[in-house]
Amino acid sequence: MAEPLRVRFAPSPTGSLHVGHAHTALFNWLFARHHGGTFILRIEDTDEVRSTEESIRAIYDGLRWLGLDWDEGPDVGGPHAPYIQSQRLDLYEEQYRRLLESGRAYDCYCSPEELEERREIMRARGLPPRYDNRCRSLTDEQRAAFEAEGRKPAIRFRMKDHGNTVIHDLLRGDVPYDNSLIGDIIIRKTSGFPTYHFSVVVDDHLMEVTHVVRGEDHISNTVPHLQLIEALGFEPPKHAHLGLLMGLDRTKLSSRHGATDLAAYREMGFLPQAMVNFLALLGWSTGTEDEIVSLREIVAGFDLDRVSRAPSVFDFGKCEFINGQHIRTAPIDQLIDIAHPILAKAGLLETDLSPARREWLGKVIDLMRDRMRTVAVLTSWARYFFTDDYEYEERARDKWLRRPETPGTLDALANDLAALESWTAESTEAGVRAVAESLGIGGGKAIHPCRAAVTGTTVGPSLFHLLELLPQETVASRLRRTAELCRSGALAEPGPVAEP
RNA sequence: GGGCCCAUAGUCUAGUGGUUAGGACUCCGCUCUUUCAAGGCGGCAGCGCGGGUUCGAGCCCCGCUGGGCCUACCA
(Lines give C-alpha, C1' and ligand atoms only; values in the text may rest on other atoms or scores of the structure.)
Protein backbone atom coordinates (compact mmCIF):
# COMPACT_ATOMS: atom_id res chain seq x y z
CA MET A 1 0.00 0.00 0.00
CA ALA A 2 1.29 3.37 -0.98
CA GLU A 3 1.81 5.98 1.67
CA PRO A 4 -0.22 9.12 1.10
CA LEU A 5 1.99 11.42 -0.88
CA ARG A 6 2.41 14.96 0.43
CA VAL A 7 4.36 17.65 -1.36
CA ARG A 8 4.66 21.36 -0.91
CA PHE A 9 5.48 24.51 -2.76
CA ALA A 10 7.29 26.79 -0.36
CA PRO A 11 8.12 30.14 -1.92
CA SER A 12 9.57 33.09 -0.10
CA PRO A 13 7.42 36.15 -0.65
CA THR A 14 10.18 38.49 -1.65
CA GLY A 15 9.08 39.82 -5.01
CA SER A 16 6.93 38.71 -7.84
CA LEU A 17 6.26 35.10 -8.73
CA HIS A 18 9.01 34.09 -11.09
CA VAL A 19 8.36 31.62 -13.90
CA GLY A 20 11.02 29.41 -12.32
CA HIS A 21 8.95 29.26 -9.15
CA ALA A 22 5.86 28.59 -11.19
CA HIS A 23 7.72 25.71 -12.80
CA THR A 24 8.62 24.21 -9.44
CA ALA A 25 5.09 24.74 -8.16
CA LEU A 26 3.68 23.08 -11.26
CA PHE A 27 5.88 20.00 -10.95
CA ASN A 28 4.96 19.57 -7.31
CA TRP A 29 1.30 20.03 -8.08
CA LEU A 30 1.40 17.59 -10.99
CA PHE A 31 3.19 15.04 -8.87
CA ALA A 32 0.58 15.34 -6.15
CA ARG A 33 -2.39 15.31 -8.49
CA HIS A 34 -1.14 12.39 -10.54
CA HIS A 35 -0.74 10.28 -7.44
CA GLY A 36 -3.81 11.52 -5.63
CA GLY A 37 -1.61 13.14 -3.01
CA THR A 38 -1.79 16.41 -1.14
CA PHE A 39 -0.38 19.70 -2.39
CA ILE A 40 0.56 22.16 0.32
CA LEU A 41 1.32 25.84 -0.04
CA ARG A 42 3.62 27.19 2.61
CA ILE A 43 4.88 30.74 2.77
CA GLU A 44 8.51 30.96 3.83
CA ASP A 45 8.65 34.55 5.00
CA THR A 46 11.62 34.15 7.27
CA ASP A 47 13.41 36.99 5.58
CA GLU A 48 11.94 39.70 7.78
CA VAL A 49 13.29 42.54 5.71
CA ARG A 50 12.36 41.45 2.22
CA SER A 51 9.07 39.66 2.73
CA THR A 52 5.95 41.55 1.74
CA GLU A 53 2.20 41.06 1.82
CA GLU A 54 2.06 42.12 -1.79
CA SER A 55 4.35 39.31 -2.72
CA ILE A 56 2.17 36.78 -0.93
CA ARG A 57 -0.75 38.02 -3.00
CA ALA A 58 1.31 37.63 -6.15
CA ILE A 59 1.93 34.00 -5.21
CA TYR A 60 -1.77 33.33 -4.68
CA ASP A 61 -2.72 35.13 -7.87
CA GLY A 62 -0.12 33.38 -9.96
CA LEU A 63 -0.95 29.89 -8.74
CA ARG A 64 -4.68 30.46 -9.07
CA TRP A 65 -4.24 31.86 -12.54
CA LEU A 66 -2.37 28.74 -13.58
CA GLY A 67 -5.07 26.63 -12.04
CA LEU A 68 -2.83 25.10 -9.38
CA ASP A 69 -5.02 24.71 -6.33
CA TRP A 70 -3.66 23.80 -2.92
CA ASP A 71 -5.20 21.47 -0.40
CA GLU A 72 -3.54 23.06 2.60
CA GLY A 73 -2.23 26.57 2.87
CA PRO A 74 -2.41 29.91 4.62
CA ASP A 75 -5.84 30.86 3.36
CA VAL A 76 -7.48 27.43 3.27
CA GLY A 77 -5.97 26.15 6.48
CA GLY A 78 -5.31 22.49 7.16
CA PRO A 79 -4.26 20.10 9.88
CA HIS A 80 -0.85 21.70 10.26
CA ALA A 81 -1.78 25.38 10.30
CA PRO A 82 -0.49 27.98 10.30
CA TYR A 83 1.16 27.74 6.90
CA ILE A 84 3.07 30.97 7.17
CA GLN A 85 6.41 30.54 8.84
CA SER A 86 6.47 33.88 10.62
CA GLN A 87 3.45 32.58 12.54
CA ARG A 88 5.25 29.41 13.57
CA LEU A 89 8.09 30.90 15.59
CA ASP A 90 7.11 29.14 18.82
CA LEU A 91 7.28 25.80 17.04
CA TYR A 92 10.86 26.48 16.04
CA GLU A 93 11.80 27.54 19.58
CA GLU A 94 10.85 24.11 20.80
CA GLN A 95 13.22 22.50 18.34
CA TYR A 96 16.10 24.89 19.07
CA ARG A 97 15.81 23.90 22.67
CA ARG A 98 16.16 20.24 21.85
CA LEU A 99 19.25 20.88 19.79
CA LEU A 100 20.78 23.15 22.41
CA GLU A 101 20.17 20.54 25.08
CA SER A 102 21.69 17.75 23.06
CA GLY A 103 24.72 19.89 22.31
CA ARG A 104 24.12 19.93 18.55
CA ALA A 105 23.52 23.67 18.61
CA TYR A 106 25.24 26.55 20.32
CA ASP A 107 25.17 30.30 20.68
CA CYS A 108 27.36 32.24 18.30
CA TYR A 109 28.29 35.82 19.08
CA CYS A 110 30.10 36.66 15.88
CA SER A 111 28.57 39.68 14.18
CA PRO A 112 27.66 39.62 10.52
CA GLU A 113 30.36 42.20 9.90
CA GLU A 114 33.05 40.12 11.56
CA LEU A 115 31.91 37.09 9.65
CA GLU A 116 32.04 38.92 6.37
CA GLU A 117 35.46 40.28 7.16
CA ARG A 118 36.81 36.83 7.93
CA ARG A 119 35.29 35.41 4.80
CA GLU A 120 37.04 38.09 2.80
CA ILE A 121 40.38 37.22 4.32
CA MET A 122 39.92 33.54 3.66
CA ARG A 123 38.90 34.20 0.08
CA ALA A 124 41.93 36.41 -0.38
CA ARG A 125 44.09 33.54 0.78
CA GLY A 126 42.37 31.19 -1.58
CA LEU A 127 40.74 29.29 1.24
CA PRO A 128 37.12 28.19 1.33
CA PRO A 129 35.19 30.98 3.05
CA ARG A 130 33.50 28.82 5.59
CA TYR A 131 32.77 29.57 9.22
CA ASP A 132 35.60 28.47 11.52
CA ASN A 133 33.24 27.17 14.21
CA ARG A 134 35.00 29.39 16.72
CA CYS A 135 31.99 29.80 19.02
CA ARG A 136 31.52 26.07 19.42
CA SER A 137 33.27 25.97 22.76
CA LEU A 138 33.06 29.35 24.35
CA THR A 139 34.08 29.59 28.00
CA ASP A 140 31.72 31.19 30.47
CA GLU A 141 34.05 34.18 30.64
CA GLN A 142 34.00 34.68 26.91
CA ARG A 143 30.23 34.46 26.81
CA ALA A 144 29.93 36.91 29.64
CA ALA A 145 32.28 39.28 27.88
CA PHE A 146 30.23 39.16 24.68
CA GLU A 147 27.02 39.66 26.63
CA ALA A 148 28.60 42.59 28.40
CA GLU A 149 29.31 44.12 25.00
CA GLY A 150 25.59 43.91 24.40
CA ARG A 151 25.91 41.23 21.76
CA LYS A 152 22.92 39.05 21.02
CA PRO A 153 23.73 35.53 19.95
CA ALA A 154 22.58 33.66 16.89
CA ILE A 155 22.19 29.90 17.19
CA ARG A 156 24.38 27.67 15.12
CA PHE A 157 23.94 24.02 14.28
CA ARG A 158 26.96 21.89 14.80
CA MET A 159 27.68 20.15 11.52
CA LYS A 160 29.52 16.88 11.36
CA ASP A 161 33.28 17.26 10.94
CA HIS A 162 34.06 13.96 9.32
CA GLY A 163 32.58 11.39 7.02
CA ASN A 164 30.12 12.29 4.37
CA THR A 165 26.48 12.93 3.90
CA VAL A 166 24.71 11.21 1.05
CA ILE A 167 21.68 12.69 -0.60
CA HIS A 168 19.40 10.07 -2.06
CA ASP A 169 17.95 11.94 -4.98
CA LEU A 170 15.09 10.39 -6.90
CA LEU A 171 16.36 11.95 -10.11
CA ARG A 172 20.11 11.86 -9.61
CA GLY A 173 20.80 8.84 -7.51
CA ASP A 174 23.11 9.08 -4.52
CA VAL A 175 25.06 12.30 -4.21
CA PRO A 176 27.83 12.25 -1.62
CA TYR A 177 29.16 15.35 0.13
CA ASP A 178 32.25 15.62 2.28
CA ASN A 179 31.19 16.82 5.72
CA SER A 180 34.49 18.50 6.47
CA LEU A 181 33.81 21.07 3.79
CA ILE A 182 30.90 22.77 5.46
CA GLY A 183 31.04 24.95 8.53
CA ASP A 184 28.38 25.23 11.19
CA ILE A 185 25.30 26.98 9.94
CA ILE A 186 23.13 29.56 11.61
CA ILE A 187 19.68 28.22 12.32
CA ARG A 188 18.32 31.11 14.34
CA LYS A 189 19.16 34.66 13.48
CA THR A 190 19.82 37.28 16.13
CA SER A 191 16.37 38.59 15.35
CA GLY A 192 14.84 35.37 16.58
CA PHE A 193 13.72 34.33 13.12
CA PRO A 194 14.82 30.94 11.87
CA THR A 195 16.97 30.68 8.78
CA TYR A 196 15.51 28.88 5.83
CA HIS A 197 17.56 25.75 6.51
CA PHE A 198 15.96 25.31 9.86
CA SER A 199 12.36 26.23 9.22
CA VAL A 200 12.23 24.13 6.08
CA VAL A 201 13.37 21.05 7.94
CA VAL A 202 11.08 21.55 10.90
CA ASP A 203 8.04 22.34 8.80
CA ASP A 204 8.54 19.58 6.28
CA HIS A 205 8.59 17.23 9.22
CA LEU A 206 5.67 18.76 11.07
CA MET A 207 3.61 18.95 7.91
CA GLU A 208 4.44 15.35 7.10
CA VAL A 209 5.88 16.18 3.73
CA THR A 210 6.88 12.95 2.03
CA HIS A 211 8.62 14.32 -1.07
CA VAL A 212 10.66 17.46 -1.38
CA VAL A 213 10.68 18.49 -5.03
CA ARG A 214 12.61 21.69 -5.60
CA GLY A 215 15.16 23.38 -7.80
CA GLU A 216 18.65 22.05 -8.21
CA ASP A 217 19.99 25.20 -6.60
CA HIS A 218 18.99 23.57 -3.33
CA ILE A 219 20.85 20.35 -3.77
CA SER A 220 23.85 21.25 -1.65
CA ASN A 221 21.58 22.79 0.96
CA THR A 222 20.22 19.33 1.44
CA VAL A 223 23.39 18.36 3.34
CA PRO A 224 22.70 20.54 6.39
CA HIS A 225 19.03 19.66 6.07
CA LEU A 226 19.78 15.97 6.29
CA GLN A 227 22.03 16.47 9.29
CA LEU A 228 19.41 18.58 10.98
CA ILE A 229 16.79 15.94 10.31
CA GLU A 230 18.99 13.30 11.86
CA ALA A 231 19.86 15.42 14.87
CA LEU A 232 16.19 16.14 15.49
CA GLY A 233 15.28 12.50 15.07
CA PHE A 234 12.99 13.12 12.13
CA GLU A 235 12.27 10.81 9.24
CA PRO A 236 13.86 12.28 6.09
CA PRO A 237 11.57 12.98 3.15
CA LYS A 238 12.47 11.78 -0.32
CA HIS A 239 14.23 14.39 -2.41
CA ALA A 240 14.08 15.26 -6.07
CA HIS A 241 16.03 18.18 -7.46
CA LEU A 242 14.75 19.63 -10.69
CA GLY A 243 16.95 21.18 -13.36
CA LEU A 244 16.89 24.95 -13.27
CA LEU A 245 15.36 27.22 -15.86
CA MET A 246 17.91 29.28 -17.74
CA GLY A 247 18.05 32.20 -20.11
CA LEU A 248 19.32 31.97 -23.65
CA ASP A 249 22.86 32.61 -22.38
CA ARG A 250 22.58 29.54 -20.18
CA THR A 251 22.71 31.32 -16.89
CA LYS A 252 19.99 31.08 -14.30
CA LEU A 253 16.90 32.80 -15.63
CA SER A 254 16.68 36.35 -14.38
CA SER A 255 15.13 39.63 -15.35
CA ARG A 256 17.95 40.50 -17.69
CA HIS A 257 16.69 37.72 -19.96
CA GLY A 258 13.39 39.51 -20.46
CA ALA A 259 10.09 38.86 -18.78
CA THR A 260 10.50 36.49 -15.86
CA ASP A 261 7.47 37.42 -13.81
CA LEU A 262 4.57 35.13 -14.37
CA ALA A 263 2.31 38.18 -14.15
CA ALA A 264 4.05 39.72 -17.15
CA TYR A 265 2.99 36.78 -19.30
CA ARG A 266 -0.54 37.18 -18.13
CA GLU A 267 -0.45 40.82 -19.10
CA MET A 268 0.99 40.03 -22.49
CA GLY A 269 -2.00 37.90 -23.25
CA PHE A 270 -0.65 34.46 -22.53
CA LEU A 271 -3.22 31.84 -21.60
CA PRO A 272 -2.74 29.95 -18.35
CA GLN A 273 -3.28 26.62 -20.07
CA ALA A 274 -0.51 27.54 -22.51
CA MET A 275 1.91 28.56 -19.76
CA VAL A 276 1.23 25.32 -17.95
CA ASN A 277 1.74 23.37 -21.16
CA PHE A 278 5.00 25.15 -21.94
CA LEU A 279 6.37 24.99 -18.40
CA ALA A 280 5.52 21.30 -18.15
CA LEU A 281 7.56 20.62 -21.27
CA LEU A 282 10.62 22.15 -19.63
CA GLY A 283 12.13 19.11 -18.01
CA TRP A 284 9.28 16.75 -18.71
CA SER A 285 7.95 15.23 -21.89
CA THR A 286 4.65 13.74 -22.85
CA GLY A 287 6.18 10.55 -24.15
CA THR A 288 4.11 10.94 -27.29
CA GLU A 289 4.57 13.17 -30.30
CA ASP A 290 1.80 15.43 -29.14
CA GLU A 291 3.11 18.49 -27.36
CA ILE A 292 -0.01 20.59 -27.19
CA VAL A 293 -1.77 19.19 -24.19
CA SER A 294 -4.24 20.20 -21.53
CA LEU A 295 -3.59 20.30 -17.82
CA ARG A 296 -5.70 17.21 -17.38
CA GLU A 297 -3.66 15.31 -19.92
CA ILE A 298 -0.46 16.43 -18.26
CA VAL A 299 -1.68 15.25 -14.88
CA ALA A 300 -2.55 11.88 -16.34
CA GLY A 301 0.85 11.41 -17.94
CA PHE A 302 3.07 13.07 -15.37
CA ASP A 303 5.56 11.28 -13.21
CA LEU A 304 9.06 11.76 -11.96
CA ASP A 305 10.44 9.03 -14.19
CA ARG A 306 9.83 11.23 -17.21
CA VAL A 307 11.51 14.25 -15.63
CA SER A 308 14.97 15.16 -16.84
CA ARG A 309 17.88 16.24 -14.72
CA ALA A 310 19.31 18.77 -17.09
CA PRO A 311 18.64 22.47 -16.82
CA SER A 312 16.55 23.92 -19.62
CA VAL A 313 16.44 27.17 -21.47
CA PHE A 314 13.23 29.16 -21.32
CA ASP A 315 12.56 29.61 -25.03
CA PHE A 316 10.22 32.56 -25.35
CA GLY A 317 9.56 31.78 -29.00
CA LYS A 318 8.30 28.31 -28.24
CA CYS A 319 6.24 29.66 -25.39
CA GLU A 320 4.56 31.97 -27.88
CA PHE A 321 3.99 29.14 -30.33
CA ILE A 322 2.31 27.02 -27.70
CA ASN A 323 0.23 29.97 -26.65
CA GLY A 324 -0.85 30.42 -30.25
CA GLN A 325 -1.93 26.81 -30.40
CA HIS A 326 -4.04 27.20 -27.29
CA ILE A 327 -5.56 30.41 -28.60
CA ARG A 328 -6.98 28.40 -31.48
CA THR A 329 -8.94 26.15 -29.20
CA ALA A 330 -9.66 28.35 -26.20
CA PRO A 331 -13.26 29.16 -25.30
CA ILE A 332 -14.15 32.49 -26.89
CA ASP A 333 -15.26 33.90 -23.55
CA GLN A 334 -11.83 33.32 -22.11
CA LEU A 335 -10.24 35.15 -25.01
CA ILE A 336 -12.68 38.02 -24.66
CA ASP A 337 -11.92 38.27 -20.96
CA ILE A 338 -8.22 38.42 -21.67
CA ALA A 339 -8.45 40.76 -24.64
CA HIS A 340 -10.83 43.25 -23.14
CA PRO A 341 -8.57 44.74 -20.47
CA ILE A 342 -5.63 44.77 -22.85
CA LEU A 343 -7.61 46.66 -25.47
CA ALA A 344 -9.14 48.96 -22.90
CA LYS A 345 -5.73 49.78 -21.52
CA ALA A 346 -4.56 50.60 -25.03
CA GLY A 347 -7.46 53.03 -25.30
CA LEU A 348 -9.08 51.04 -28.08
CA LEU A 349 -12.10 49.77 -26.21
CA GLU A 350 -14.43 51.05 -23.52
CA THR A 351 -14.03 49.72 -20.00
CA ASP A 352 -17.63 48.60 -19.75
CA LEU A 353 -18.78 46.39 -22.55
CA SER A 354 -22.42 46.07 -23.48
CA PRO A 355 -23.50 42.53 -24.30
CA ALA A 356 -23.74 43.44 -27.96
CA ARG A 357 -20.29 44.97 -27.96
CA ARG A 358 -18.91 41.93 -26.21
CA GLU A 359 -20.42 39.69 -28.80
CA TRP A 360 -18.90 41.83 -31.53
CA LEU A 361 -15.49 41.64 -29.85
CA GLY A 362 -15.86 37.88 -29.82
CA LYS A 363 -16.36 37.92 -33.57
CA VAL A 364 -13.31 40.09 -34.09
CA ILE A 365 -11.22 37.71 -32.01
CA ASP A 366 -12.61 34.70 -33.81
CA LEU A 367 -11.50 36.22 -37.05
CA MET A 368 -7.98 36.82 -35.75
CA ARG A 369 -7.40 33.87 -33.45
CA ASP A 370 -5.97 31.51 -36.04
CA ARG A 371 -2.93 33.65 -36.57
CA MET A 372 -2.32 35.11 -33.13
CA ARG A 373 0.37 33.92 -30.76
CA THR A 374 -0.52 36.29 -27.97
CA VAL A 375 -3.74 38.10 -27.35
CA ALA A 376 -1.87 41.37 -27.03
CA VAL A 377 -1.20 41.52 -30.77
CA LEU A 378 -4.82 42.52 -31.17
CA THR A 379 -3.82 46.06 -30.23
CA SER A 380 -1.78 46.26 -33.40
CA TRP A 381 -3.05 43.59 -35.76
CA ALA A 382 -6.69 44.35 -35.11
CA ARG A 383 -6.33 48.05 -34.38
CA TYR A 384 -8.47 49.05 -37.35
CA PHE A 385 -11.46 47.33 -35.82
CA PHE A 386 -11.44 49.79 -32.97
CA THR A 387 -10.31 53.10 -34.43
CA ASP A 388 -9.95 55.05 -37.64
CA ASP A 389 -6.58 56.14 -36.37
CA TYR A 390 -4.33 53.52 -37.88
CA GLU A 391 -1.24 53.81 -40.01
CA TYR A 392 -0.84 52.82 -43.61
CA GLU A 393 2.02 50.38 -43.56
CA GLU A 394 4.89 50.90 -45.94
CA ARG A 395 4.08 47.72 -47.76
CA ALA A 396 0.44 48.69 -48.22
CA ARG A 397 1.40 52.06 -49.68
CA ASP A 398 4.14 50.61 -51.76
CA LYS A 399 2.15 47.84 -53.28
CA TRP A 400 -1.26 49.44 -53.71
CA LEU A 401 -1.82 52.97 -52.52
CA ARG A 402 0.73 54.62 -54.78
CA ARG A 403 -0.67 53.18 -57.95
CA PRO A 404 -2.26 55.84 -60.12
CA GLU A 405 -5.45 53.89 -60.63
CA THR A 406 -6.02 53.25 -56.93
CA PRO A 407 -7.90 56.46 -56.01
CA GLY A 408 -10.44 55.75 -58.70
CA THR A 409 -10.87 52.20 -57.56
CA LEU A 410 -11.34 53.31 -53.98
CA ASP A 411 -13.94 55.89 -54.97
CA ALA A 412 -15.89 53.30 -56.89
CA LEU A 413 -15.65 50.93 -53.96
CA ALA A 414 -16.82 53.64 -51.56
CA ASN A 415 -19.85 54.48 -53.67
CA ASP A 416 -20.96 50.96 -54.36
CA LEU A 417 -20.37 49.61 -50.88
CA ALA A 418 -22.15 52.55 -49.31
CA ALA A 419 -25.14 51.75 -51.48
CA LEU A 420 -25.34 48.12 -50.41
CA GLU A 421 -28.71 47.10 -48.99
CA SER A 422 -27.34 44.50 -46.65
CA TRP A 423 -23.97 44.34 -44.92
CA THR A 424 -22.61 40.84 -44.69
CA ALA A 425 -19.55 38.99 -45.84
CA GLU A 426 -21.54 37.75 -48.82
CA SER A 427 -22.93 41.12 -49.82
CA THR A 428 -19.61 42.95 -49.47
CA GLU A 429 -17.89 40.29 -51.50
CA ALA A 430 -20.51 40.61 -54.22
CA GLY A 431 -20.15 44.38 -54.06
CA VAL A 432 -16.37 44.41 -54.31
CA ARG A 433 -16.35 41.92 -57.15
CA ALA A 434 -19.00 43.89 -59.00
CA VAL A 435 -16.84 47.00 -58.79
CA ALA A 436 -13.88 45.08 -60.14
CA GLU A 437 -15.94 43.83 -63.01
CA SER A 438 -17.31 47.25 -63.89
CA LEU A 439 -13.78 48.64 -63.88
CA GLY A 440 -12.60 45.79 -65.99
CA ILE A 441 -10.00 44.64 -63.46
CA GLY A 442 -9.41 41.39 -61.65
CA GLY A 443 -10.90 40.82 -58.23
CA GLY A 444 -7.55 41.09 -56.55
CA LYS A 445 -7.04 44.57 -58.00
CA ALA A 446 -10.03 45.71 -56.00
CA ILE A 447 -9.62 43.49 -52.96
CA HIS A 448 -6.05 44.46 -52.16
CA PRO A 449 -6.45 48.22 -52.37
CA CYS A 450 -9.63 47.87 -50.36
CA ARG A 451 -7.82 46.03 -47.60
CA ALA A 452 -4.93 48.48 -47.70
CA ALA A 453 -7.31 51.42 -47.42
CA VAL A 454 -9.63 50.05 -44.76
CA THR A 455 -7.03 48.38 -42.56
CA GLY A 456 -3.76 50.05 -43.48
CA THR A 457 -2.13 46.70 -43.94
CA THR A 458 -1.71 43.97 -46.52
CA VAL A 459 -2.27 41.05 -44.22
CA GLY A 460 -5.13 39.86 -42.12
CA PRO A 461 -8.21 37.71 -42.15
CA SER A 462 -10.64 37.35 -45.02
CA LEU A 463 -11.40 40.88 -46.26
CA PHE A 464 -15.13 40.34 -46.54
CA HIS A 465 -15.43 38.90 -43.09
CA LEU A 466 -13.61 41.80 -41.59
CA LEU A 467 -15.67 44.30 -43.56
CA GLU A 468 -18.75 42.68 -42.15
CA LEU A 469 -17.61 43.55 -38.64
CA LEU A 470 -17.00 47.20 -39.47
CA PRO A 471 -19.90 49.62 -39.81
CA GLN A 472 -20.84 50.21 -43.43
CA GLU A 473 -20.37 53.98 -43.18
CA THR A 474 -16.97 53.53 -41.56
CA VAL A 475 -15.81 51.48 -44.49
CA ALA A 476 -17.13 54.00 -46.98
CA SER A 477 -15.53 56.94 -45.22
CA ARG A 478 -12.20 55.16 -44.90
CA LEU A 479 -12.24 54.39 -48.61
CA ARG A 480 -12.94 58.03 -49.45
CA ARG A 481 -10.39 59.30 -46.99
CA THR A 482 -7.74 57.03 -48.39
CA ALA A 483 -8.58 58.01 -51.96
CA GLU A 484 -8.06 61.64 -50.95
CA LEU A 485 -4.73 60.92 -49.35
CA CYS A 486 -3.63 59.05 -52.45
CA ARG A 487 -4.51 62.01 -54.66
CA SER A 488 -2.86 64.52 -52.39
CA GLY A 489 0.34 62.54 -52.63
CA ALA A 490 0.50 62.13 -48.84
CA LEU A 491 0.96 58.40 -49.22
CA ALA A 492 3.74 58.73 -51.73
CA GLU A 493 6.24 59.68 -49.09
CA PRO A 494 7.74 57.02 -46.94
CA GLY A 495 7.13 57.04 -43.24
CA PRO A 496 4.01 57.16 -41.09
CA VAL A 497 1.14 59.37 -42.08
CA ALA A 498 -0.61 61.44 -39.44
CA GLU A 499 -4.27 60.62 -39.48
CA PRO A 500 -7.14 63.02 -38.89
C1' G B 1 39.50 28.60 -5.26
C1' G B 2 36.52 24.30 -3.37
C1' G B 3 32.27 20.99 -3.59
C1' C B 4 28.34 19.23 -6.37
C1' C B 5 25.13 18.85 -10.68
C1' C B 6 24.46 18.60 -15.95
C1' A B 7 25.76 17.31 -21.26
C1' U B 8 21.21 14.30 -28.19
C1' A B 9 20.73 20.18 -33.81
C1' G B 10 20.49 27.44 -31.95
C1' U B 11 16.30 25.81 -28.25
C1' C B 12 12.80 21.99 -25.70
C1' U B 13 13.04 16.85 -25.95
C1' A B 14 12.28 10.96 -27.35
C1' G B 15 15.84 7.35 -26.90
C1' U B 16 17.93 2.98 -21.41
C1' G B 17 23.72 -1.89 -26.12
C1' G B 18 22.08 -3.38 -32.47
C1' U B 19 17.25 2.85 -34.78
C1' U B 20 17.95 5.41 -41.89
C1' A B 21 18.89 8.80 -34.08
C1' G B 22 12.14 10.20 -33.69
C1' G B 23 9.12 14.69 -32.52
C1' A B 24 8.50 20.09 -31.46
C1' C B 25 10.11 25.45 -31.68
C1' U B 26 13.15 28.63 -34.65
C1' C B 27 15.09 29.41 -39.63
C1' C B 28 14.80 28.52 -45.07
C1' G B 29 12.10 26.92 -49.50
C1' C B 30 7.60 25.48 -51.91
C1' U B 31 2.36 25.54 -51.86
C1' C B 32 -2.95 27.00 -50.89
C1' U B 33 -5.49 31.64 -50.40
C1' U B 34 -8.11 38.04 -51.87
C1' U B 35 -3.29 38.84 -48.12
C1' C B 36 -0.22 36.04 -44.24
C1' A B 37 1.35 36.68 -39.40
C1' A B 38 -2.60 31.00 -40.49
C1' G B 39 -2.80 25.95 -42.97
C1' G B 40 -0.28 22.02 -45.93
C1' C B 41 4.38 20.00 -47.88
C1' G B 42 9.60 19.85 -47.85
C1' G B 43 14.54 21.22 -46.19
C1' C B 44 19.01 22.86 -43.19
C1' A B 45 20.87 21.26 -38.55
C1' G B 46 22.42 16.82 -33.42
C1' C B 47 24.62 12.35 -30.00
C1' G B 48 31.01 18.01 -26.91
C1' C B 49 36.18 15.50 -26.96
C1' G B 50 39.47 11.33 -25.73
C1' G B 51 40.08 6.68 -23.84
C1' G B 52 38.11 2.10 -22.33
C1' U B 53 34.19 -2.32 -21.70
C1' U B 54 31.67 -5.06 -25.65
C1' C B 55 31.00 -8.80 -31.55
C1' G B 56 28.52 -3.96 -31.34
C1' A B 57 27.96 2.21 -27.96
C1' G B 58 23.90 8.28 -28.06
C1' C B 59 22.97 4.64 -24.27
C1' C B 60 27.86 1.43 -19.47
C1' C B 61 32.95 3.05 -17.05
C1' C B 62 37.13 6.68 -16.61
C1' G B 63 39.32 11.23 -17.89
C1' C B 64 38.90 15.95 -20.25
C1' U B 65 36.25 20.10 -21.89
C1' G B 66 32.17 23.17 -21.51
C1' G B 67 28.09 25.10 -18.86
C1' G B 68 25.41 25.63 -14.30
C1' C B 69 24.48 25.75 -9.01
C1' C B 70 26.17 26.27 -4.06
C1' U B 71 29.89 28.21 -1.03
C1' A B 72 25.12 34.57 3.58
C1' C B 73 22.23 36.11 10.42
C1' C B 74 18.61 35.36 1.34
C1' A B 75 15.56 31.70 0.40
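Just the heavy atoms: all of them, side chains too, but no hydrogens, waters or symmetry mates, feed the values below. In what follows, chains carry the letters A, B, and so on, assigned in the order in which the sequence lines appear, proteins first and then strands, with residues in each chain numbered from 1. Please read all numbers here as calculations on a predicted model, not as lab measurements.
Using Watson-Crick or G-U wobble geometry with both donor-acceptor distances under 3.5 Å, B:C44 finds no partner in any strand shown. Shown here, B:G66 forms a base pair with B:C6; the pair counts as Watson-Crick or G-U wobble because both key distances fall under 3.5 Å. Figure legend. B:C74 is base-paired to no nucleotide; pairs are counted as Watson-Crick or G-U wobble with both atom distances under 3.5 Å.
Applying the 4.0 Å criterion to OP1 and OP2 of B:A75, one finds that A:Thr46 has a side-chain N or O inside that range. For the pair A:Arg250 and B:U11, the criterion of a side-chain N or O lying under 4.0 Å from OP1 or OP2 is met. In this structure, A:Lys189 reaches the B:A75 phosphate: one of its side-chain N or O atoms is under 4.0 Å from OP1 or OP2. At the phosphate of B:C73, OP1 or OP2 sits under 4.0 Å from a side-chain N or O atom of A:Arg119.
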Ring pair (Phe, Tyr, Trp, His ring centres under 6.0 Å) between A:His225 and A:Tyr196, intermediate numbers included:
CA-CA 10 Å; A:His225 297 177; A:Tyr196 155 75; 5.5 Å; yes

Full working for side chain to side chain donor-acceptor pair (under 3.5 Å) between A:Asn221 and A:His218
CA-CA 5 Å; A:Asn221 290 335; A:His218 285 295; 3.1 Å; yes

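For the contact set between residues 158-172 of chain A and RNA chain B, defined by any heavy atom under 4.0 Å, the members are A:Arg172. Taking a 4.0 Å limit (strictly below) on heavy-atom distances, residues 316-329 of chain A reaches RNA chain B at A:Gly317, A:Lys318, A:Phe321, A:Gln325, A:Arg328.
Among the nucleotides B:C25, B:A72, B:A37, the one closest to any side-chain atom of A:Arg373 is B:C25. Residue A:Tyr177 has its side chain nearest to B:G3 when only B:G3, B:C70, B:G68 are considered. With B:C12, B:U35, B:A14 as the choices, the nucleotide that has an atom nearest any side-chain atom of A:Arg451 turns out to be B:U35. Out of B:G67, B:C73, B:A75, the shortest distance to the side chain of A:Ile186 is found at B:C73.
For A:Thr190 against B:C73, a side-chain-to-base donor-acceptor contact under 3.5 Å is present. Counting atom types as modelled, A:Arg130 pairs no side-chain N or O with a base atom of B:U71 as donor and acceptor under 3.5 Å. Contact annotation: side chain of A:Asn221 to base of B:A75, donor-acceptor pair present below 3.5 Å. The base of B:U34 sits with one of its N or O atoms less than 3.5 Å from a complementary donor or acceptor on the side chain of A:Ser462. With hydrogens and angles ignored, a donor-acceptor pair under 3.5 angstrom links the side chain of A:Glu291 to the base of B:G23.
In this structure, A:Arg156 is positioned above the aromatic face of A:Tyr131, its NZ or CZ under 6.0 Å from the six-membered ring centre and within 45° of the axis.
Looking only at atom types and distance, the side chain of A:Asp290 has no donor-acceptor partner in the side chain of A:Thr288 under 3.5 Å away.
Nucleic acid contact class of A:Asp217 (heavy atoms, under 4.0 Å, all strands): sugar-phosphate only.
Checked by atom type and distance alone, the side chain of A:His211 never pairs as donor or acceptor with a backbone atom of A:Lys238 at under 3.5 Å.
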